[in-house]
Every structure is written in C-alpha cells, then in structure tokens.
Amino acid sequence: MGHSGRRAWLMAMVAMAALACQGRDASTGKGGGVAWSQDLPGALAKAKAEGRVVMVDFYADWCGWCKKLDETTFAHPQVRQALAGLVPVKLDAERGGREAARRYRVDGYPTLLFLDATGREVGRIPGYLPPTAFLEELQDILGAP
C-alpha cells in the first residue's frame, strides 16, 4: 500500500474511533490514556459479544521499553483512536499475567498480542515501536485495506 493509501486508512480509523469514543470515559492512568483491562477472560467475552479483537500488552515493571511504549506510542492521539476499536488488556507478565504469558509463549517485553474472541493469536508485535510504525503494524495485523 502506498503512502496515500496508508494516510486514507489512518484517517478512516481516526473517524471510526472518534465515533466509537463518543460518550465513553477515557482512562488517564498507566498506559497513555488507553482504557486498559487486566481481565483477559472478561476481555475475550467482551470481544465475542462485540465482534472485536483483543490486544494484550505483556509488560514487566522493570522494562524501560514498556514504559516508553506507554509514554509515547499509547499516548499518541492516532494510536489511542485506532485502539478504540479493540479490547485492550495490560498484563504484568511476571505477576498476575504470568500464566497467560507462558500460554502464549511470551519471552520478551513488551510483547503485544492480538487475539480473536476464542483466544487464538492473530498477530504479534514483539518489542517497542514508535507511533507511526505501530499503526502500520496494526493495519497489517487487522487486515485493514
């Protein structure tokens, strides 16, 4: 896809996210303003009910790149808007998210997994990406035109 196609896709995602966010309370906590859940089974149920994809951010408290992902990428307005169409989950892979990290073979942080409503992995982003690169990877994973 060319530059103009990517720009059109991003503009469409921004418009859809703005509509999806109307009337919602945005979180201002850890994670750049994304309304994170820490309940993977609940997120999968919500994804099934709403026909959405779950994004799981596996992190560790000591991980500098995880903090940078929160501070830069997840705080970026276009990224927040693109994530509004997903069910975002943030799991500490060394504490409460240890079993899920083992099940999905997460061995580095940050690792972002994209799951369908059954819990099947449909995409993965290992490591930190700045906002523009993240949006491009997200587009590839979700199969947007």
Enquirer: Set out, in order, the CA-CA distance, both residues' side-chain angles and the distance that settles side-chain contact (heavy atoms from CB on, under 4.5 Å) for T118 and K48, then state yes or no.
Expert: CA-CA 8 Å; T118 68; K48 183 175 184 177; over 6 Å; no
Enquirer: If you apply the rule side-chain contact (heavy atoms from CB on, under 4.5 Å), what do you find for Y109 with W62, and how did you get there?
Expert: CA-CA 10 Å; Y109 314 117; W62 52 262; 3.8 Å; yes
Enquirer: Over all heavy atoms of both residues, which pair between I141 and G123 is shortest? Give the atoms and the distance, please.
Expert: CG2-CA, 3.9 Å
Enquirer: Applying salt bridge (charged side-chain N to carboxylate O under 4.0 Å, His left out) as the test, list every pair that has at least one member in residues 107-116; sequence neighbours left out.
Expert: D116-R120
Enquirer: Any idea which heavy atoms bring D39 and S37 closest together, and the distance?
Expert: N-OG, 3.0 Å
Enquirer: Does V106 belong to the same Ile/Leu/Val/Met/Phe/Trp/Tyr cluster as V89, with side-chain heavy atoms less than 4.5 Å apart forming each link?
Expert: yes
Enquirer: Rounded at 0.5 Å granularity, tell me how far CD in E99 sits from CZ in R102.
Expert: 4.5 Å
Enquirer: Within the supplied structure, the quantity of interest is the number of heavy atoms (other residues, nucleotides, ligands) at a distance under 6.0 Å from K67 NZ; does it exceed 12?
Expert: yes
Enquirer: What residues, two or more places apart in sequence or in another chain, satisfy side chain to side chain contact (heavy atoms under 4.5 Å, CB included) together with A45?
Expert: none
Enquirer: Hydrophobic cluster membership, with links at side-chain heavy-atom distances under 4.5 Å among I/L/V/M/F/W/Y: are V53 and L40 in one?
Expert: no
Enquirer: Are any of the side-chain heavy atoms of V79 and F74 separated by less than 4.5 Å?
Expert: yes
Enquirer: Sequence neighbours excluded, which residues qualify as side chain to side chain donor-acceptor pair (under 3.5 Å) partners of Q38?
Expert: none
Enquirer: For the residue pair L115 and V122, establish whether any side-chain heavy-atom pair is separated by less than 4.5 Å.
Expert: no
Enquirer: Which residue pairs satisfy the disulfide (SG to SG under 2.5 Å) criterion with at least one member in residues 54-103, sequence neighbours excluded?
Expert: C63-C66
Enquirer: Locate the shortest heavy-atom distance separating D92 from A60; write the atom from each residue and the value.
Expert: OD1-CA, 4.0 Å
Enquirer: Which value, rounded to the nearest 0.5 Å, describes the distance between L138 atom CG and L112 atom CG?
Expert: 9.5 Å
Enquirer: State the CD1-OG1 distance between I125 and T111, to the nearest 0.5 angstrom.
Expert: 10.0 Å
Enquirer: Is there a path of hydrophobic side-chain contacts, each under 4.5 Å between heavy atoms of I/L/V/M/F/W/Y residues, joining L44 to W36?
Expert: no
Enquirer: Could you give me the CA-CA distance, side-chain angles and deciding distance for V56 and L91, then say whether side-chain contact (heavy atoms from CB on, under 4.5 Å) is met?
Expert: CA-CA 7 Å; V56 185; L91 295 176; 3.8 Å; yes
Enquirer: Which atom pair, heavy atoms only, marks the closest approach of A43 to V87?
Expert: CB-CG1, 3.6 Å
Enquirer: Check whether any side-chain heavy atom of L113 lies under 4.5 Å from a side-chain heavy atom of M55, and answer yes or no.
Expert: no
Enquirer: In Å, rounded to the nearest 0.5 Å, how long is the span from CD of Q81 to NE2 of H76?
Expert: 9.5 Å
Enquirer: Nearest 0.5 Å, please: how far is CG in L129 from NZ in K68?
Expert: 12.0 Å
Enquirer: Holding to salt bridge (Lys or Arg N to Asp or Glu O under 4.0 Å), I want the full list of residues that pass it with E94, two or more places apart in sequence or in another chain.
Expert: none
Enquirer: Y104: what forms a ring-ring contact (aromatic ring centres under 6.0 Å, His included) with it, not counting sequence neighbours?
Expert: none
Enquirer: Please confirm whether the backbone N or O of V34 pairs with a side-chain atom of R80, one donor and one acceptor, at under 3.5 Å?
Expert: no
Enquirer: Tell me which one of F58, Y128, Y59 satisfies ring pair (Phe, Tyr, Trp, His ring centres under 6.0 Å) with W65.
Expert: Y128
Enquirer: Which atom names give the shortest non-hydrogen contact between P110 and D57, and what distance separates them?
Expert: CB-OD1, 4.1 Å
Enquirer: Of all the heavy-atom pairs spanning R105 and R124, show the shortest one and how long it is.
Expert: O-NH1, 3.4 Å
